[in-house]
Amino acid sequence: MYEYLDSLNDAQRAAVENLEGPMLVIAGAGSGKTRVLTYRIVHLLNHGVDPFRILSLTFTNKAAKEMKQRIAAQVGRSEAKNLWMGTFHSVFAKILRFESDKLGYPANFTIYDAQDSERLIRNIIKEMMLDKDVYKSKQVFSRISSLKNSLITVKSYHHHAELLEADTAAMRPRIVDIYKEYVERCFKAGAMDFDDLLLRTNELLTRFPDVLVKYQERFQYIMVDEYQDTNHSQYLIVKALADMFKNLCVVGDDAQSIYAFRGANVKNIMNFQKDYPYMKTFRLEQNYRSTNNIVQAANNVIANNREQLEKDVWTANSSGEKINVVRTITDNEEARYVANNIYEKAVDNELDWSDFAILYRTNMQSRALEDAMRRREIPYRIYGGLSFYQRKEVKDLLSYFRLVINPKDEEALRRIINFPMRGIGQTTMDKLAIAAGEYKQPMFRVIENVAKLNLGINAGTVRKLNDFVNMIKAFGVQVNSSDAFVVADNIVKSSGLIKELQKDTSPEGVARYDNMQEVINGVKRFVEDNKEQADGDISLSAFLQDVALLTDADKDDPNDNNRVSMMTIHMSKGLEFPYVNIVGMEEDLFPSGMSVNTRAELEEERRLFYVAVTRAEKQATLSYTQSRYRWGKISDAEPSRFIEEVGEDYLEYVTPRGRMSRSIGDGGNVTGSLFGGGDLRTAKPKSGTPPKPEVRTNRRLKPVSSVSASPSVNAESVSGKLSKGNFVKHERFGTGEVLLVEGVGQNEKATVNFEKGGIKKVLLKFARLEILR
DNA sequence: TCATTGGGCTTTTTT
DNA sequence: AGCCCAATGA
């Protein structure tokens with residue numbers, strides 16, 4: 001009846017067919033988790049569940065997009081697009097915009113990224129005249145972040161003496177004062193940071209019971225992917241939303257929990273049974289992805305961890321190649337080895353570049369690798385690192401957009417008020433900041449009234465300030481009458497940004513100019529993509545909302561995909577590649593020197609290594625070097641403990657030199673030119689350079705408002721009224737004859753032979769059936 | 001009052 | 001090697 005069920009193994013099928021009630025799917029690496037998630041949603045839809053009623057939370061927007069495409073292939077695009085699917089952050093940002101007035105926020109609130117947050121905190125520390133070496137902005141930010149993710153507000157902080165004790169012991173007793181000021185300033189700026197998106201959602205759901213009920217009713221089926229990486233705040237949101245129907249399906253793998261550092265709590269997965277004692281557990285243990293050598297090696301490594309759920313990952317695949325281990329003398333040599341090794345394998349076996357990935361522990365490692373790839377003319381794509389949206393010139397331009405849409409946004413204001421230079425300097429800004437604090441007004445308001453306020457700013461500067469305010473306001477007026485592209489184009493031209501970037505003709509300067517142009521192109525694409533849709537919003541405000549939570553992982557050019565992927569191990573989660581190079585396998589780097597002090601931290605590093613190894617389908621190659629540039633100096637390195645944890649049975653040590661000489665065609669000459677680089681005959685300058693980053697916009701979900709029109713629970717239910725022989729009508733499947741009715745009450749199901757859809761089994765509770773006769 | 005230049009510090013992982 | 005900040009010149 002449902003062909004896709006035949007493509008699943010027993011455990012997978014059982015999970016897909018279990019539609020009701022709380023359930024935990026423990027999915028070992030490569031066990032077909034995405035398949036299960038996808039088909040389970042298809043199965044729900046085929047049982048008549050309204051797509052608007054399904055909430056599926058994924059780890060990245062990209063994962064959501066891909067899953068939606070797969071579902072669309074089964075049930076059609078128009079159905080699939082109504083699913084609520086995305087990251088916690090993007091889904092709840094949408095809900096928060098819709099409900100913003102309840103919390104006192106504007107609907108077009110700004111989302112502060114980590115950089116904005118840190119700058120604000122740095123400012124606050126300065127204003128409070130605290131020692132910036134004791135109160136390091138980054139550390140303060142991460143402390144505040146973890147408080148927020150544990151749902152500890154400023155108020156509840158004061159109710160827990162141990163918190164202040166801990167901060168006092170860390171010599172930072174005034175953290176809570178910074179916290180308080182930070183929260184107030186964000187609110188005043190009409191801004192939420194990443195953690196607020198979760199914290200404020202919790203606030204919304206607890207303070208407004210009617211709102212809670214509304215979303216509980218809307219989300220009758222909830223699925224959470226990568227559940228092991230949810231933090232306390234996310235856990236509470238899910239628990240609250242699922243409380244009415246308890247149709248909650250969480251999927252995860254404790255062995256792949258790698259985000260404890262940002263507040264993720266593995267215990268969420270371990271404790272699931274406590275919250276829902278009658279829940280069902282499904283274990284997906286057969287690995288379809290990797291060779292037996294890889295699966296066994298990974299199992300061997302993870303066995304060193306104490307904290308874990310019982311699980312036996314196995315595979316029916318052949319044993320395959322052993323895991324190669326390579327030692328080099330320097331980090332540059334390591335990079336060259338990796339590039340040559342990839343080149344050689346690709347040519348010898350006629351493989352695509354996209355069959356390869358290079359994974360590293362820290363972003364800084366990408367540099368040497370990038371050079372080597374370029375030298376060898378291998379096309380590659382770097383994910384993460386300094387993302388496109390974090391680049392200075394891109395943030396500057398987006399800050400103009402932000403300020404125009406939300407003039408209260410102080411971080412945006414501070415970035416651009418003197419860029420391009422307008423002669424508004426530090427002294428003036430200090431005076432404005434003091435006034436903004438005293439009058440408890442957003443800085444933009446203060447500047448608007450600067451002439452009346454007598455702040456001791458000289459007349460010339462006052463005029464400059466007025467010009468600035470008038471310019472922003474003029475853009476603001478234009479927003480109401482024109483589409484995003486028209487406004488954006490005007491902003492770039494009349495703000496002087498384009499002139500500013502044009503005058504820098506260095507290669508970096510040209511790249512900056514191109515990046516800014518790319519943003520404008522992105523706006524153009526956004527407008528064209530959305531204007532054909534009846535409900536498409538093509539305002540600058542809509543563009544900003546779209547772009548705020550995008551990350552590098554979300555963009556992928558389908559026309560230019562044949563490239564080697566380079567990324568941190570964290571970013572590689574959920575992906576797979578035939579050949580994987582894991583580089584920098586050294587103590588102090590992987591495991592990170594920051595994480596070897598406690599067992600918990602070390603175990604997280606080990607899980608990270610587990611994730612890295614299990615990305616590989618055919619072969620994994622580990623490499624390490626004996627010396628590495630760090631902090632501008634050369635330092636010695638020793639091989640990572642994780643290498644020996646793999647076990648000799650699965651390892652093969654490879655000497656780099658022989659292989660390298662062959663690949664370069666330099667016959668055995670080991671020194672000199674061989675490692676000198678730059679003498680590769682085939683190398684042509686400029687080719688093989690990475691593609692320019694580009695802005696891509698996600699297709700937007702339907703606005704929240706259109707959803708609330710759908711009927712509430714049971715409104716159209718035909719439970720108890722149906723019997724064999726009836727003819728019914730379904731929105732999507734058309735008319736059909738009832739063949740069988742089974743189950744009672746909540747579980748009542750009908751088997752119907754539909755005109756369009758064929759024979760389907762539907763849950764009467766949710767199927768919108770109309771009885772014809 | 002603002003722009004420029006040199007010194008000190010930093011580097012884990014991300015929505 | 002890059003970024004922020006403090007001292008100095010314009």
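Every chain is numbered from 1, with letters handed out A, B, ... down the list of sequences.
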Where the side chain of [X] is defined as all heavy atoms beyond and including C-beta, which of [options] is the nearest nucleotide?
X: A:S592; options: B:dT1, B:dT15, B:dT12; answer: B:dT12
X: A:H570; options: B:dT12, B:dT14, B:dT1; answer: B:dT14
X: A:M364; options: B:dT13, B:dT11, B:dT14; answer: B:dT11

Touch check for [X], heavy atoms < 4.0 angstrom, all strands: base, sugar-phosphate only, or nothing?
X: A:I424; value: sugar-phosphate
X: A:T461; value: nothing
X: A:R630; value: nothing
X: A:D195; value: nothing
X: A:Y259; value: sugar-phosphate
X: A:K431; value: sugar-phosphate

Which sits closer to the 5' end of DNA chain B, A:E601 or A:F194, going by the nucleotide each is nearest to?
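On the 5' side of the pair lies A:E601.
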
Toward the 5' end of DNA chain B, which comes first, A:M421 or A:M594, by nearest nucleotide?
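The answer here is A:M421.
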
Starting from [atom2] on [N], measure out to [atom1] on [X] and report it in whole angstrom.
X: A:L96; N: B:dT15; atom1: CG; atom2: C1'; value: 14 Å
X: A:I382; N: B:dT13; atom1: CD1; atom2: C1'; value: 16 Å
X: A:F59; N: B:dT15; atom1: CZ; atom2: C1'; value: 7 Å
X: A:M429; N: B:dT1; atom1: CE; atom2: C1'; value: 15 Å
X: A:R361; N: B:dT13; atom1: CZ; atom2: P; value: 7 Å
X: A:L198; N: B:dT15; atom1: CG; atom2: P; value: 13 Å
X: A:L197; N: B:dT14; atom1: CG; atom2: C1'; value: 14 Å
X: A:K132; N: B:dG8; atom1: NZ; atom2: P; value: 12 Å

Is the phosphate of [N], meaning OP1 or OP2, less than 4.0 Å from a side-chain N or O of [X]?
X: A:K136; N: B:dC9; answer: no
X: A:N363; N: B:dT13; answer: yes
X: A:T427; N: B:dC2; answer: yes
X: A:N149; N: B:dT15; answer: no
X: A:T60; N: B:dT15; answer: no
X: A:K138; N: B:dT10; answer: no
X: A:T568; N: B:dT14; answer: yes
X: A:N231; N: B:dT15; answer: no

Using a heavy-atom cut-off of 4.0 Å to chain A, what are the terminal contacting nucleotides of DNA chain C, in 5' to 3' order?
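That gives a stretch of C:dG2 to C:dC5.
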
Just by modelled atom types, is the A:I416 backbone N or O under 3.5 Å from a matching donor or acceptor in the A:R422 side chain?
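Side chain of A:R422 to backbone of A:I416: a pair is present.
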
Taking A:E118 for its side chain and A:S137 for its backbone only, find out whether a donor-acceptor pair lies under 3.5 Å.
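No, A:E118 side chain to A:S137 backbone: no donor-acceptor pair under 3.5 Å.
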
Side chain to side chain contact (heavy atoms under 4.5 Å, CB included) between A:M192 and A:Y112: does it pass, once the steps are laid out?
CA-CA 6 Å; A:M192 294 204 196; A:Y112 274 179; over 6 Å; no

By centroid distance (under 5.5 Å) and plane angle (under 30°), are A:F261 and B:dT12 in a stacked arrangement?
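No, A:F261 does not stack on the base of B:dT12, since the centre distance and plane angle fail the 5.5 Å and 30° test.
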
Who passes side chain to side chain contact (heavy atoms under 4.5 Å, CB included) against A:K431, sequence neighbours left out?
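Checked A:K431 against side chain to side chain contact (heavy atoms under 4.5 Å, CB included); matches are A:T427, A:I457.
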
Using side chain to side chain contact (heavy atoms under 4.5 Å, CB included) as the criterion, list what pairs up with A:I269, not counting sequence neighbours.
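Result, side chain to side chain contact (heavy atoms under 4.5 Å, CB included) vs A:I269: A:L24, A:Y227, A:Q228, A:D254, A:V266, A:L309.
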
Rounded to the nearest 0.5 Å, what separation is found between the NZ atom of A:K138 and the CD1 atom of A:I121?
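Result: 11.5 Å between the selected atoms.
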
Starting at CD1 of A:I144, measure out to OH of A:Y182 and round the result to the nearest 0.5 Å.
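One finds 6.5 Å between CD1 of A:I144 and OH of A:Y182.
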
When the aromatic ring centroids of A:H570 and A:F261 are compared, is their separation below 6.0 Å?
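Yes, the ring centres sit under 6.0 Å apart.
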
Flag side-chain contact, heavy atom, 4.5 Å: A:M566 against A:M373
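SC-SC contact between A:M566 and A:M373 confirmed.
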
